Undergrad: 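For reference, the structure I am asking about is given below.
As the structure is a prediction and not an experimental result, all values here were calculated from the model.
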Amino acid sequence: MSVDPSAIPNFGGQPGRQSGDQSGGQPQQARKPAGPIMPNQDLIKQLLDRMKLKYVEDKQGDLVAPWKDFRTYFLFRGEKQQRILSVRTFYDRPHTIDDKPRLLESVDEWNHTTLWPKVYTHTNDDGSVRLIGEVQMLIGAGVGFDHFVASLVSWVRASVEFDRWLVERLGLEKDAESNDGDDDKGDGDEGGAGGDGA
(Lines give C-alpha, C1' and ligand atoms only; values in the text may rest on other atoms or scores of the structure.)
Protein backbone atom coordinates (compact mmCIF):
# COMPACT_ATOMS: atom_id res chain seq x y z
CA MET A 1 0.00 0.00 0.00
CA SER A 2 1.39 3.40 -0.87
CA VAL A 3 -0.09 6.85 -0.70
CA ASP A 4 0.27 9.15 -3.66
CA PRO A 5 -0.29 12.92 -3.50
CA SER A 6 -3.97 12.52 -4.36
CA ALA A 7 -4.36 10.52 -1.16
CA ILE A 8 -3.68 13.58 0.98
CA PRO A 9 -6.87 15.17 2.27
CA ASN A 10 -7.95 18.61 1.14
CA PHE A 11 -7.63 21.06 4.02
CA GLY A 12 -9.52 23.95 2.56
CA GLY A 13 -7.62 24.67 -0.66
CA GLN A 14 -10.07 25.62 -3.39
CA PRO A 15 -9.55 24.64 -7.00
CA GLY A 16 -8.97 27.64 -9.17
CA ARG A 17 -6.23 29.53 -10.88
CA GLN A 18 -2.78 29.67 -9.47
CA SER A 19 -1.41 33.12 -8.89
CA GLY A 20 -0.32 34.51 -12.25
CA ASP A 21 -1.77 31.51 -14.09
CA GLN A 22 -3.08 32.53 -17.49
CA SER A 23 -4.01 29.00 -18.57
CA GLY A 24 -7.66 29.58 -17.81
CA GLY A 25 -8.63 27.24 -15.03
CA GLN A 26 -5.86 24.77 -14.31
CA PRO A 27 -6.74 23.54 -10.83
CA GLN A 28 -4.18 24.46 -8.23
CA GLN A 29 -2.81 22.02 -5.70
CA ALA A 30 -4.83 21.99 -2.50
CA ARG A 31 -3.06 24.06 0.12
CA LYS A 32 -1.61 22.19 3.03
CA PRO A 33 -1.63 23.78 6.46
CA ALA A 34 1.30 26.17 6.76
CA GLY A 35 2.09 25.46 10.39
CA PRO A 36 1.73 22.58 12.82
CA ILE A 37 -1.61 20.77 12.91
CA MET A 38 -3.38 19.11 15.81
CA PRO A 39 -4.37 15.64 14.51
CA ASN A 40 -7.82 14.42 15.45
CA GLN A 41 -10.12 11.53 14.68
CA ASP A 42 -11.60 13.25 11.61
CA LEU A 43 -8.14 13.57 10.07
CA ILE A 44 -7.47 9.86 10.74
CA LYS A 45 -10.79 8.98 9.06
CA GLN A 46 -9.89 11.07 6.01
CA LEU A 47 -6.52 9.38 5.71
CA LEU A 48 -8.00 5.90 6.11
CA ASP A 49 -10.62 6.74 3.47
CA ARG A 50 -7.88 7.94 1.12
CA MET A 51 -5.92 4.73 1.74
CA LYS A 52 -9.14 2.79 1.00
CA LEU A 53 -9.06 1.09 4.40
CA LYS A 54 -12.24 0.09 6.19
CA TYR A 55 -12.70 1.23 9.77
CA VAL A 56 -15.30 1.30 12.52
CA GLU A 57 -15.67 3.02 15.86
CA ASP A 58 -15.57 0.74 18.90
CA LYS A 59 -17.68 1.11 22.05
CA GLN A 60 -15.14 3.55 23.52
CA GLY A 61 -15.31 5.74 20.40
CA ASP A 62 -11.83 4.77 19.14
CA LEU A 63 -11.21 4.07 15.46
CA VAL A 64 -10.41 0.48 14.51
CA ALA A 65 -9.22 -0.78 11.12
CA PRO A 66 -9.89 -4.55 10.98
CA TRP A 67 -7.97 -7.08 8.91
CA LYS A 68 -8.52 -10.86 8.82
CA ASP A 69 -6.01 -11.72 11.56
CA PHE A 70 -5.48 -8.40 13.37
CA ARG A 71 -7.02 -5.05 14.29
CA THR A 72 -5.34 -1.66 14.34
CA TYR A 73 -6.62 0.97 16.79
CA PHE A 74 -6.00 4.72 16.52
CA LEU A 75 -6.11 6.06 20.07
CA PHE A 76 -5.87 9.63 21.33
CA ARG A 77 -4.81 9.81 24.96
CA GLY A 78 -3.73 12.49 27.42
CA GLU A 79 -4.43 16.20 27.66
CA LYS A 80 -2.89 19.36 26.23
CA GLN A 81 0.91 19.22 25.93
CA GLN A 82 0.97 15.53 26.93
CA ARG A 83 -1.56 14.42 24.28
CA ILE A 84 -0.41 11.43 22.23
CA LEU A 85 -1.64 9.39 19.31
CA SER A 86 -1.07 5.68 19.82
CA VAL A 87 -1.45 3.28 16.90
CA ARG A 88 -1.87 -0.13 18.50
CA THR A 89 -2.31 -3.41 16.60
CA PHE A 90 -3.74 -6.51 18.24
CA TYR A 91 -2.70 -9.66 16.39
CA ASP A 92 -5.53 -12.14 16.84
CA ARG A 93 -3.77 -15.46 16.24
CA PRO A 94 -3.70 -17.27 19.59
CA HIS A 95 -0.47 -18.90 20.71
CA THR A 96 0.10 -21.18 23.69
CA ILE A 97 2.32 -20.46 26.65
CA ASP A 98 4.69 -23.09 25.23
CA ASP A 99 5.05 -20.91 22.11
CA LYS A 100 6.12 -17.89 24.14
CA PRO A 101 9.93 -18.44 24.00
CA ARG A 102 9.77 -18.74 20.21
CA LEU A 103 7.50 -15.66 20.00
CA LEU A 104 9.84 -13.63 22.22
CA GLU A 105 12.81 -14.58 20.07
CA SER A 106 10.89 -13.51 16.97
CA VAL A 107 9.69 -10.17 18.35
CA ASP A 108 13.18 -9.43 19.68
CA GLU A 109 14.49 -9.93 16.15
CA TRP A 110 11.75 -7.69 14.72
CA ASN A 111 12.30 -4.98 17.35
CA HIS A 112 16.08 -4.97 16.77
CA THR A 113 15.83 -4.72 12.99
CA THR A 114 12.85 -2.38 12.46
CA LEU A 115 11.73 0.99 13.76
CA TRP A 116 8.06 0.20 14.22
CA PRO A 117 5.77 -1.11 15.40
CA LYS A 118 7.47 -2.26 18.58
CA VAL A 119 5.89 -5.63 19.32
CA TYR A 120 5.41 -7.36 22.65
CA THR A 121 3.57 -10.40 24.02
CA HIS A 122 0.51 -10.42 26.27
CA THR A 123 -0.46 -13.54 28.21
CA ASN A 124 -4.18 -13.82 28.93
CA ASP A 125 -5.66 -15.38 32.08
CA ASP A 126 -6.48 -18.53 30.10
CA GLY A 127 -2.80 -18.99 29.20
CA SER A 128 -3.15 -17.95 25.55
CA VAL A 129 -0.52 -15.56 24.26
CA ARG A 130 -1.19 -12.74 21.82
CA LEU A 131 1.07 -10.21 20.15
CA ILE A 132 0.56 -6.45 20.26
CA GLY A 133 2.35 -3.85 18.15
CA GLU A 134 2.47 -0.20 19.13
CA VAL A 135 3.88 3.13 18.05
CA GLN A 136 3.19 6.55 19.54
CA MET A 137 3.56 10.18 18.57
CA LEU A 138 3.47 13.13 20.95
CA ILE A 139 1.06 15.61 19.34
CA GLY A 140 0.44 18.03 22.21
CA ALA A 141 2.30 20.92 20.61
CA GLY A 142 1.10 20.09 17.10
CA VAL A 143 2.95 18.28 14.32
CA GLY A 144 3.90 18.99 10.73
CA PHE A 145 1.24 17.87 8.25
CA ASP A 146 3.59 15.98 5.91
CA HIS A 147 5.36 14.31 8.84
CA PHE A 148 2.06 13.18 10.33
CA VAL A 149 0.68 11.77 7.06
CA ALA A 150 3.94 9.97 6.21
CA SER A 151 4.21 8.56 9.74
CA LEU A 152 0.64 7.28 9.87
CA VAL A 153 0.90 5.60 6.46
CA SER A 154 4.24 4.05 7.39
CA TRP A 155 2.88 2.76 10.71
CA VAL A 156 -0.10 1.09 9.05
CA ARG A 157 2.11 -0.49 6.38
CA ALA A 158 4.54 -1.75 9.03
CA SER A 159 1.70 -3.30 11.06
CA VAL A 160 0.60 -5.24 7.99
CA GLU A 161 4.19 -6.16 7.18
CA PHE A 162 4.82 -7.53 10.68
CA ASP A 163 1.92 -9.95 10.30
CA ARG A 164 3.30 -11.19 6.95
CA TRP A 165 6.81 -11.43 8.39
CA LEU A 166 5.68 -13.44 11.43
CA VAL A 167 3.59 -15.84 9.31
CA GLU A 168 6.63 -16.50 7.14
CA ARG A 169 9.15 -16.67 9.99
CA LEU A 170 7.13 -19.10 12.12
CA GLY A 171 5.52 -21.06 9.31
CA LEU A 172 2.05 -20.09 10.51
CA GLU A 173 0.58 -20.34 7.01
CA LYS A 174 1.52 -24.03 6.86
CA ASP A 175 0.00 -24.56 10.31
CA ALA A 176 -3.24 -22.90 9.20
CA GLU A 177 -3.41 -25.07 6.07
CA SER A 178 -2.92 -28.24 8.11
CA ASN A 179 -5.75 -27.16 10.46
CA ASP A 180 -8.16 -26.53 7.57
CA GLY A 181 -9.21 -30.17 7.67
CA ASP A 182 -10.06 -30.01 11.39
CA ASP A 183 -13.63 -29.88 12.61
CA ASP A 184 -15.16 -26.42 12.70
CA LYS A 185 -14.53 -25.07 16.16
CA GLY A 186 -16.12 -21.69 15.54
CA ASP A 187 -14.59 -18.27 15.14
CA GLY A 188 -16.54 -16.56 17.90
CA ASP A 189 -15.28 -13.21 19.05
CA GLU A 190 -13.43 -13.58 22.33
CA GLY A 191 -14.53 -10.19 23.46
CA GLY A 192 -13.35 -6.81 22.31
CA ALA A 193 -9.91 -5.67 23.22
CA GLY A 194 -11.26 -2.18 23.47
CA GLY A 195 -8.82 0.60 22.98
CA ASP A 196 -6.55 -0.38 25.85
CA GLY A 197 -7.03 -4.07 26.51
CA ALA A 198 -5.35 -7.07 24.99
Side-chain angles (χ1 to χ4, degrees), residues 1-4 7-9 37-78 83-95 99 103-104 106-124 128-140 143-170 172-173 176 187-198:
M1 162 194 352
S2 62
V3 174
D4 62 19
I8 297 174
I37 62 165
M38 184 58 63
N40 59 27
Q41 200 173 66
D42 287 337
L43 174 58
I44 303 288
K45 287 178 180 178
Q46 288 180 54
L47 291 172
L48 294 175
D49 285 339
R50 296 292 182 142
M51 288 187 280
K52 296 184 173 23
L53 295 177
K54 294 179 183 175
Y55 60 87
V56 295
E57 282 188 39
D58 71 2
K59 292 175 187 174
Q60 289 78 29
D62 295 315
L63 288 180
V64 186
W67 275 263
K68 180 183 173 197
D69 293 309
F70 58 94
R71 300 156 283 135
T72 299
Y73 287 78
F74 302 87
L75 311 163
F76 291 95
R77 298 292 183 259
R83 190 152 173 84
I84 63 165
L85 169 65
S86 176
V87 177
R88 194 174 297 165
T89 302
F90 293 88
Y91 296 94
D92 293 328
R93 284 186 193 87
H95 305 276
D99 295 329
L103 290 174
L104 290 172
S106 297
V107 298
D108 276 353
E109 180 184 336
W110 173 268
N111 290 335
H112 283 291
T113 58
T114 61
L115 291 175
W116 51 69
K118 293 307 177 193
V119 182
Y120 53 92
T121 63
H122 175 82
T123 305
N124 295 310
S128 64
V129 179
R130 306 272 179 161
L131 296 172
I132 302 168
E134 186 168 6
V135 65
Q136 297 182 354
M137 177 186 288
L138 183 64
I139 59 172
V143 294
F145 178 79
D146 289 335
H147 172 69
F148 180 76
V149 170
S151 295
L152 190 80
V153 170
S154 180
W155 296 345
V156 170
R157 290 180 67 189
S159 295
V160 172
E161 184 57 34
F162 172 76
D163 186 64
R164 290 180 187 150
W165 177 86
L166 190 71
V167 164
E168 184 178 304
R169 187 178 188 297
L170 299 183
L172 299 177
E173 207 163 59
D187 298 12
D189 185 47
E190 297 180 11
D196 294 311

Undergrad: Quick one: does any side-chain atom of Thr113 pair with a main-chain N or O of Glu109 as donor and acceptor, under 3.5 Å?
TA: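 Yes; at least one donor-acceptor contact below 3.5 Å.
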Undergrad: According to ring-ring contact (aromatic ring centres under 6.0 Å, His included), who are the partners of Phe70, at least two apart in sequence or on a separate chain?
TA: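 Listed in chain order: Trp67, Tyr91.
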Undergrad: If you look at every heavy atom in Met137 and Trp155, which pair is closest and at what distance?
TA: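 That would be CB-CH2, 3.5 Å.
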Undergrad: So Asp58 and Tyr73, side-chain contact (heavy atoms from CB on, under 4.5 Å) or not? Walk me through it.
TA: CA-CA 9 Å; Asp58 71 2; Tyr73 287 78; 3.4 Å; yes
Undergrad: Go through the steps to decide whether Gln60 and Leu75 satisfy the test side-chain contact (heavy atoms from CB on, under 4.5 Å), and finish with yes or no.
TA: CA-CA 10 Å; Gln60 289 78 29; Leu75 311 163; over 6 Å; no
Undergrad: Just verifying a value: how many Å separate Arg157 CZ and Met51 CE, rounded to the nearest 0.5 Å?
TA: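 If I round to the nearest 0.5 Å, the distance is 10.5 Å.
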Undergrad: Is a donor on one side and an acceptor on the other found under 3.5 Å between the side chain of Ser151 and the backbone of His147?
TA: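 Yes, Ser151 side chain to His147 backbone: donor-acceptor pair under 3.5 Å.
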Undergrad: Would you please name every residue forming a side-chain contact (heavy atoms from CB on, under 4.5 Å) with Thr121, sequence neighbours left out?
TA: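 For Thr121 the side-chain contact (heavy atoms from CB on, under 4.5 Å) partners, ignoring immediate neighbours, are Lys100, Leu103, Leu104, Val129, Leu131.
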Undergrad: Apply the test side-chain contact (heavy atoms from CB on, under 4.5 Å) to residues His95 and Leu172: give CA-CA distance (whole Å), side-chain angles for both, the deciding distance (0.1 Å), then the verdict.
TA: CA-CA 11 Å; His95 305 276; Leu172 299 177; 4.2 Å; yes
Undergrad: Do the non-hydrogen side-chain atoms of Pro117 and Glu134 ever get within less than 4.5 Å of each other?
TA: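 No, their side chains stay 4.5 Å or more apart.
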Undergrad: Check side-chain contact (heavy atoms from CB on, under 4.5 Å) between Ser106 and all other residues, then give those that pass, not counting sequence neighbours.
TA: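 In terms of side-chain contact (heavy atoms from CB on, under 4.5 Å), with neighbours along the sequence ignored, Ser106 is linked to Trp165, Leu166, Arg169, Leu170.
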Undergrad: On a heavy-atom basis, which atom in Gln41 and which in Gly61 lie closest, and how many Å separate them?
TA: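 Looking at all heavy atoms of both residues, the shortest contact is NE2-O, 2.7 Å.
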Undergrad: After noting the C-alpha distance and the side-chain angles of Tyr55 and Lys45, does the key distance pass the side-chain contact (heavy atoms from CB on, under 4.5 Å) rule?
TA: CA-CA 8 Å; Tyr55 60 87; Lys45 287 178 180 178; 3.5 Å; yes
Undergrad: Within the 4.5 Å heavy-atom criterion, are Val119 and Ile132 side-chain neighbours or not?
TA: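 Val119 vs Ile132: side chains apart.
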Undergrad: Find out whether Phe148 and Leu43 are in side-chain contact, i.e. whether some heavy atom of one side chain is under 4.5 Å from a heavy atom of the other.
TA: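 They are in contact (side-chain heavy atoms under 4.5 Å apart), so the answer is yes.
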Undergrad: Quick one: does Gln136's side chain get under 4.5 Å of Leu85's, heavy atoms only?
TA: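 No, too far: nothing below the 4.5 Å cut-off.
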Undergrad: Restricting to side-chain contact (heavy atoms from CB on, under 4.5 Å), what partner residues turn up for Arg83, sequence neighbours left out?
TA: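 Result, side-chain contact (heavy atoms from CB on, under 4.5 Å) vs Arg83: Phe76, Ile139.
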Undergrad: Any heavy-atom pair between the side chains of Asp62 and Arg77 that's under 4.5 Å?
TA: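 In contact.
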Undergrad: Measure the CG-CZ distance between Asp69 and Arg164 for me, rounded to the nearest 0.5 Å.
TA: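 With rounding to 0.5 Å, CG (Asp69) is 12.0 Å from CZ (Arg164).
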Undergrad: Partners of Thr72 by side chain to side chain donor-acceptor pair (under 3.5 Å), sequence neighbours excluded?
TA: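 Thr72 satisfies side chain to side chain donor-acceptor pair (under 3.5 Å) with Thr89 only.
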Undergrad: Could I get the full list of side-chain contact (heavy atoms from CB on, under 4.5 Å) partners for Lys118, not counting sequence neighbours?
TA: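 Here the qualifying residues are Asn111.
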Undergrad: Side chains of Leu48 and Phe74, heavy atoms from C-beta outward: is any pair under 4.5 Å?
TA: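 With C-beta onward as the side chain, the pair touches.
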